[in-house]
2 protein chains.
Amino acid sequence: MASVSKENYLKIIFYLKQHDVKPVSTSEIANELEISNAATSEMAKKLSESGLISYKKYKGIDLTPKGKKVALGVIRKHRLWELFLANVLGLSWAEVHDEAEKLEHISSEKLIDKIDEFLGFPEFDPHGDPIPKKNGKLPKLTGLVKLSEGKVGGIYNVIKVNDLDNELMNYLTRIGVKLYKQIEIVEKLIFDKSIIVKIDNHNINLSEKIANSIYITQLKNAELN
Amino acid sequence: MASVSKENYLKIIFYLKQHDVKPVSTSEIANELEISNAATSEMAKKLSESGLISYKKYKGIDLTPKGKKVALGVIRKHRLWELFLANVLGLSWAEVHDEAEKLEHISSEKLIDKIDEFLGFPEFDPHGDPIPKKNGKLPKLTGLVKLSEGKVGGIYNVIKVNDLDNELMNYLTRIGVKLYKQIEIVEKLIFDKSIIVKIDNHNINLSEKIANSIYITQLKNAELN
DNA sequence: TTTTTATCTTAGGCTTGCTTAAATTAATTA
DNA sequence: TAATTAATTTAAGCAAGCCTAAGATAAAAA
Ligand SMILES: [Mn+2]
Ligand SMILES: [Mn+2]
Ligand SMILES: [Mn+2]
Ligand SMILES: [Mn+2]
């Protein structure tokens with residue numbers, strides 16, 4: 001079994017690979033994990049020797065099928081724990097990520113499958129991210145765009161939220177943003193790329209950074225009236 | 001916060017201290033943790049510098065109040081997790097110890113308190129061990145003796161079982177031994193110190209080692225009739 | 001194409017927690 | 001009490017994962 005560090009490297013590589021076709025560079029990983037490039041280069045050598053990534057010096061990194069399997073296993077644990085902590089034990093969606101970041105590395109396959117079963121084999125975690133199935137399949141999220149990319153006048157559903165910052169999560173809770181909530185885009189300011197949205201009949205201004213952390217789908221016209 | 005290693009040292013010192021008044025020797029700890037005496041001596045120095053134990057070279061170790069608090073915190077986490085895994089997620093009492101051995105080091109105070117609340121502030125774990133309260137108080141177990149110390153003809157209740165060996169737990173399950181189960185001592189063999197007990201109207205022979213792993217209380221005469 | 005700059009890797013070093021072997025102290029036996 | 005044995009600590013070294021600084025390679029600019 002891979003160490004905590006190695007599992008975290010593999011997980012990050014998987015994330016970085018999702019939006020890009022090119023191999024992942026060591027510095028991108030270093031950035032994400034907040035460690036030095038040097039440490040990442042060393043680790044790349046080791047993960048490559050274990051057959052978890054393919055790595056050519058100066059040419060970047062890709063997960064091998066074996067490495068991808070490990071990464072998906074860790075992500076599965078992470079997201080199932082998050083949902084369990086939120087739905088069963090009543091932690092807020094702001095709190096679950098940090099706990100899950102540790103739990104993902106220590107819980108056995110068997111325990112995770114019990115949790116999966118207990119929750120009724122759910123598809124999405126408390127932030128809207130898809131939960132990998134036991135067989136490695138990842139439920140699809142289609143038609144997602146960032147709130148910042150929505151159109152003025154459009155009415156949308158919140159489908160997914162960036163779960164990496166506690167303060168953001170707490171703020172979103174405070175202003176009424178949660179999964180599947182309806183949001184209307186009232187106005188977009190060119191000046192600072194902030195965006196004014198209507199939530200629960202209140203207007204509120206969201207910064208560009210916040211609007212980039214919220215993912216939405218447009219309601220079909222039929223659903224609107 | 002103490003590292004995983006340090007928490008394990010403190011926990012073991014606490015256990016070793018329970019049955020003995022003398023300071024705990026480094027070799028006892030080394031034995032229990034299955035590491036070298038040398039490693040334990042080194043760690044003693046460090047824990048002493050952090051004020052978690054009192055330690056004089058060659059003279060053994062005691063927990064300071066601060067160290068005892070940490071130890072009890074870890075034990076609380078361990079036992080609450082065990083009960084949660086058994087009662088909520090349906091793992092067997094043979095499986096929960098190993099999972100809890102890892103979970104005890106990573107779960108936040110807040111998470112543990114949620115689990116405590118979810119379980120209704122229980123007093124005992126799946127093996128009959130008392131669960132330390134949030135304030136550090138440990139529920140009392142009185143009148144416990146080892147099954148090996150019971151009297152022929154006596155009828156007892158199983159109150160606590162040694163949780164350190166999976167195989168033992170599974171065997172006990174197979175022969176019907178569980179907490180609060182009634183057991184009668186039918187015969188004791190001098191030859192190998194084994195003991196014949198009646199469980200569910202079956203007679204079965206238990207080795208000395210097994211009989212030393214089961215703790216019982218005598219039923220009051222009034223309860224016997 | 002050559003030079004400069006940016007990116008990436010290697011070298012050397014540190015900490016934690018472990019090991020074995022040697023040295024020291026305490027306990028036991030004579 | 002002195003000698004022997006047992007228990008404990010110190011010394012030296014190793015692996016994992018990190019760091020900073022220096023060197024090598026690739027990409028961009030001239
Ligand atoms: Mn998360
Ligand atoms: Mn992690
Ligand atoms: Mn246990
Ligand atoms: Mn432990």
Side-chain angles (χ1 to χ4, degrees), chain A residues 1-14 16-17 19-63 67 70-71 74 101-102 104-106, chain B residues 1-14 16-17 19-63 67 70-71 74 101-102 104-106:
Chain A
M1 222 214 169
S3 68
V4 170
S5 280
K6 290 191 172 118
E7 287 188 348
N8 281 334
Y9 276 93
L10 294 172
K11 199 175 67 158
I12 292 296
I13 295 166
F14 181 87
L16 291 171
K17 208 50 219 293
H19 303 290
D20 210 331
V21 213
K22 291 174 298 183
V24 177
S25 72
T26 47
S27 56
E28 285 175 283
I29 296 168
N31 223 30
E32 211 59 41
L33 293 176
E34 299 186 279
I35 56 177
S36 69
N37 287 3
T40 308
S41 274
E42 276 181 358
M43 185 57 93
K45 231 181 293 174
K46 291 180 197 164
L47 291 172
S48 174
E49 276 160 22
S50 321
L52 293 160
I53 63 172
S54 62
Y55 167 60
K56 287 261 154 69
K57 272 202 268 181
Y58 298 98
K59 297 295 182 186
I61 290 167
D62 280 298
L63 290 178
V70 173
V74 176
E101 201 57 45
K102 295 172 282 172
E104 69 188 7
H105 303 293
I106 61 147
Chain B
M1 223 213 167
S3 68
V4 170
S5 281
K6 290 195 171 110
E7 287 188 348
N8 281 334
Y9 277 94
L10 294 172
K11 200 176 67 157
I12 291 297
I13 296 167
F14 181 87
L16 291 171
K17 205 57 218 290
H19 302 291
D20 209 331
V21 212
K22 292 174 298 184
V24 177
S25 72
T26 47
S27 55
E28 286 175 282
I29 298 168
N31 222 31
E32 211 59 40
L33 293 175
E34 298 186 280
I35 57 177
S36 69
N37 288 2
T40 308
S41 273
E42 276 182 357
M43 186 56 93
K45 231 181 294 174
K46 291 180 196 164
L47 291 172
S48 174
E49 276 160 21
S50 322
L52 293 161
I53 63 172
S54 62
Y55 167 59
K56 288 261 154 70
K57 271 203 268 181
Y58 297 99
K59 297 295 181 185
I61 290 167
D62 281 297
L63 290 177
V70 173
V74 176
E101 200 57 46
K102 294 173 282 171
E104 68 187 9
H105 303 292
I106 60 148

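Numbers restart at 1 for each chain; the letters A, B, ... are given by sequence-line order, proteins then strands. Just so it is clear, the model here is predicted, and its values are computed rather than measured.
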Residue pair [X] / [Y], side-chain heavy-atom distance below 4.5 Å:
X: Tyr9(B); Y: Val70(B); answer: no
X: Tyr55(B); Y: Leu47(B); answer: no
X: Glu32(B); Y: Lys11(B); answer: no
X: Glu7(B); Y: Met1(B); answer: yes

Could you check how far [atom1] of [X] sits from [atom2] of [N], rounded to whole Å?
X: Glu42(A); N: dA16(D); atom1: CD; atom2: P; result: 11 Å
X: Met1(A); N: dA16(D); atom1: CE; atom2: C1'; result: 17 Å
X: His105(A); N: dG17(D); atom1: NE2; atom2: P; result: 12 Å
X: Met43(A); N: dC19(D); atom1: CE; atom2: P; result: 11 Å
X: Glu7(A); N: dA16(D); atom1: CD; atom2: P; result: 16 Å

Touch class at under 4.0 angstrom, heavy-atom based, for Lys56(A) against every strand present: nothing
Members of residues 31-41 of chain A that approach DNA chain C, where some heavy atom sits under 4.0 Å away: Asn37(A), Ala38(A), Ser41(A)
Asn8(B): partners by side-chain hydrogen bond (donor to acceptor under 3.5 Å, both in side chains), with sequence neighbours left out: His105(B)
Check: Ser5(B)/Ser3(B) side-chain N/O donor and acceptor closer than 3.5 Å: no
All salt bridge (Lys or Arg N to Asp or Glu O under 4.0 Å) counterparts of Glu42(B), not counting sequence neighbours: none
Sequence-distant partners of Lys17(B), salt bridge (Lys or Arg N to Asp or Glu O under 4.0 Å), two or more places apart: Asp62(B)
Side chain to side chain contact (heavy atoms under 4.5 Å, CB included) partner of Ile61(B), chosen from Leu16(B), Leu52(B), Ile53(B): Ile53(B)
Short side-chain N/O contact to dG17(D) OP1/OP2 from Ser3(A), under 4.0 Å: yes
Rounded distance (nearest 0.5 Å) linking atom OG1 of Thr26(A) with atom NZ of Lys57(A): 12.5 Å
Between the protein and nucleotides 22-28 of chain D, which nitrogen or oxygen pairs come in under 3.5 angstrom?
unit_1: dT25(D); atom_1: O4'; unit_2: Tyr58(A); atom_2: OH; d: 3.4

Residues Leu33(A), Thr40(A); criterion side-chain contact (heavy atoms from CB on, under 4.5 Å); working and verdict: CA-CA 9 Å; Leu33(A) 293 176; Thr40(A) 308; 5.8 Å; no
Segment of DNA chain C, first to last nucleotide, that comes within the 4.0 Å heavy-atom reach of chain A: dC8(C) to dG12(C)
5'-most by nearest nucleotide on DNA chain D - Ser25(B) or Lys46(A): Ser25(B)
